[in-house]
Amino acid sequence: MGENVRPVRVEKIPRTLVSEIILSSQTLNMKLDDTKSITATILPADAFFPTVTWESSDEMVAYVDSEGLVTAFLPGTCTITCRAKDGSGVFAECQVTVEGDN
């Protein structure tokens, strides 16, 4: 009894979410078995969690790895999407066209 209670103050650390993703290419024209790299610039530069995921709308046409390297497999079109992982919902897209042998 008679112990002092000291209030604890917890400060919230401001967390800046990603506001924009700028891709090095918005369109790619590729031939079968080509590989091309897409780079993502995250804004603002001081974003708290500047990490992205990559996905292809049709991996049979073109596959994208976790670093943004696109590999063309079959003729057709697909969309490569780069999405912020911080929960902001921000994403950017690149349209890919793969041409067959002519």
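The residues of the chain are indexed from 1 along the displayed sequence.
Following chains of ILVMFWY side-chain contacts shorter than 4.5 Å, one can reach L23 starting from V70, so the two form part of one hydrophobic cluster.
With sequence neighbours excluded, the residues satisfying side chain to side chain contact (heavy atoms under 4.5 Å, CB included) with Q95 are T27, T79, E93. By the salt bridge (charged side-chain N to carboxylate O under 4.0 Å, His left out) test, E59 pairs with no residue at all, sequence neighbours left out.
Contacts classified as side-chain hydrogen bond (donor to acceptor under 3.5 Å, both in side chains) and involving residues 81-91 (residues at least two apart or in different chains) are given here: D86-S88.
Under the 4.5 Å side-chain criterion, counting only non-hydrogen atoms from C-beta, W54 is in contact with I80.
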Less than 3.5 Å apart, which donor and acceptor atoms pair up between the side chains of residues 32-50 and the rest of the protein, not counting sequence neighbours?
| residue | atom | partner | partner atom | Å |
| --- | --- | --- | --- | --- |
| D34 | OD2 | K31 | N | 2.9 |
| K36 | NZ | N29 | O | 2.8 |
| T39 | OG1 | S24 | OG | 3.4 |

Which atom pairs, one a donor and one an acceptor, fall under 3.5 Å between side chains of residues 61-69 and the rest of the protein, sequence neighbours left out?
| residue | atom | partner | partner atom | Å |
| --- | --- | --- | --- | --- |
| D65 | OD1 | E67 | N | 2.9 |
| D65 | OD1 | G68 | N | 3.1 |
| D65 | OD1 | L69 | N | 2.9 |

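With side-chain heavy atoms closer than 4.5 Å counting as contact, directly or through intermediates, L17 stands alone and belongs to no larger hydrophobic cluster.
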